[in-house]
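Fair warning: this is a prediction, and the values are worked out from it, not measured in the lab. Letters A, B, ... mirror the listed sequences (proteins, then strands); counts begin at 1.
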Amino acid sequence: MGFSCKVYDLCRRIPKGKVTTYKIIAGKLGTKAYRAVGNALHRNPCAPQVPCHRVVGSDGRLVGFAHGIKMKKALLQKEGIEIIGYKVAGMEKVLFRFRA
DNA sequence: CGCAGTCTAGCAC
DNA sequence: GTGCTAGACTGCG
């Protein structure tokens, strides 16, 4: 559970109104298995335990979500993030790279 | 547009 | 307890 634990920690670090990408998370974990990151989030914290909905694809695109892409989209919009279709609008502005 | 690479979690044996 | 499959991705061909 070390991997997933780290994933959760990073997700929890994401401030409201911000999003991150699987690539960044995986990179932070020192791995390249972006799939494993999404998988860990998909299997474990399907609940609002961690803001898994703040995690998007490499291009800010809303890829899969346990509760459905719609839910993810709605949640992100609620966070104040603008979503166009199934992608984050200006995701570069809301992209959190864990710089601190 | 399609295939391969990488890792974890879950299910099956 | 060990092994195999599937999966919320990404990059390259």
* Rounded to the Å, how far apart are Arg61(A) CZ and dC9(C) P? -> 8 Å
* **Candidates dA9(B), dA8(C), dT6(B) - which lies nearest the side chain of Val63(A)** => dA8(C)
* 4.5 Å side-chain heavy-atom contact, Leu76(A) and Val94(A) -> no
* Distance in angstrom units between Lys87(A) NZ and dC9(C) P, rounded -> 16 Å
* Asked: Distance check: side-chain N/O of Ser58(A) vs OP1/OP2 of dT10(C), anything under 4.0 Å?
  -> yes
* Asked: Could you state the CD1-P distance from Ile25(A) to dA8(C), rounded to the nearest angstrom?
  -> 16 Å
* Structure fact -> Applying the 3.5 Å cut-off to both distances, the Watson-Crick or G-U partner of dC4(C) turns out to be dG10(B)
* Measure from the side-chain heavy atoms of Thr31(A) and tell me the nearest of dT10(C), dA8(C), dC7(B). => dC7(B)
* Asked: Of Leu41(A), Thr20(A), Val37(A), which meets side-chain contact (heavy atoms from CB on, under 4.5 Å) against Cys11(A)?
  -> Leu41(A)
* Asked: Do Leu29(A) and Leu10(A) come close enough that some side-chain heavy atom pair is under 4.5 Å?
  -> yes
* To do: Select one nucleotide: of dA8(C), dG7(C), dA9(B), the one nearest the side-chain heavy atoms of Asn44(A).
  => dA9(B)
* To do: Quickly work out the Phe3(A) CZ to dA8(C) P distance and round it to whole Å.
  => 15 Å
* Nucleotide of dA9(B), dT10(C), dA8(C) approaching Asn39(A) most closely (side-chain heavy atoms) -> dA9(B)
* To do: Kindly point out which of dA8(C), dT6(B), dA9(B) is positioned nearest to the side chain of Ala40(A)?
  => dA9(B)
* To do: State whether the distance check finds a donor on one side and an acceptor on the other, under 3.5 Å, for side chain Arg43(A) versus base dG7(C).
  => no
* Using a cut-off of strictly less than 4.0 Å, decide whether Ser4(A) has a side-chain nitrogen or oxygen near OP1 or OP2 of dA9(B). => yes
* Do Arg35(A) and Asn39(A) touch side chain to side chain, with heavy atoms closer than 4.5 Å? -> no
* **Atom-pair distance (CD1 on Ile24(A); C1' on dT10(C)), nearest Å** => 13 Å
* Asked: Roughly how many Å is it from NZ in Lys28(A) to P in dC9(C), rounded to a whole number?
  -> 22 Å
* **Rounded distance (Å) that lies between atom P of dG7(C) and atom OH of Tyr22(A)** => 15 Å
* Asked: Which whole-number value in Å describes the distance from Lys32(A) NZ to dG7(C) C1'?
  -> 19 Å
* Can you say whether the rings of His67(A) and Phe65(A) are parallel (under 30°), tilted (30 to 60°) or perpendicular (over 60°)? -> tilted
* Lys23(A) vs Val55(A), nearer the 5' end of DNA chain C by closest nucleotide -> Val55(A)
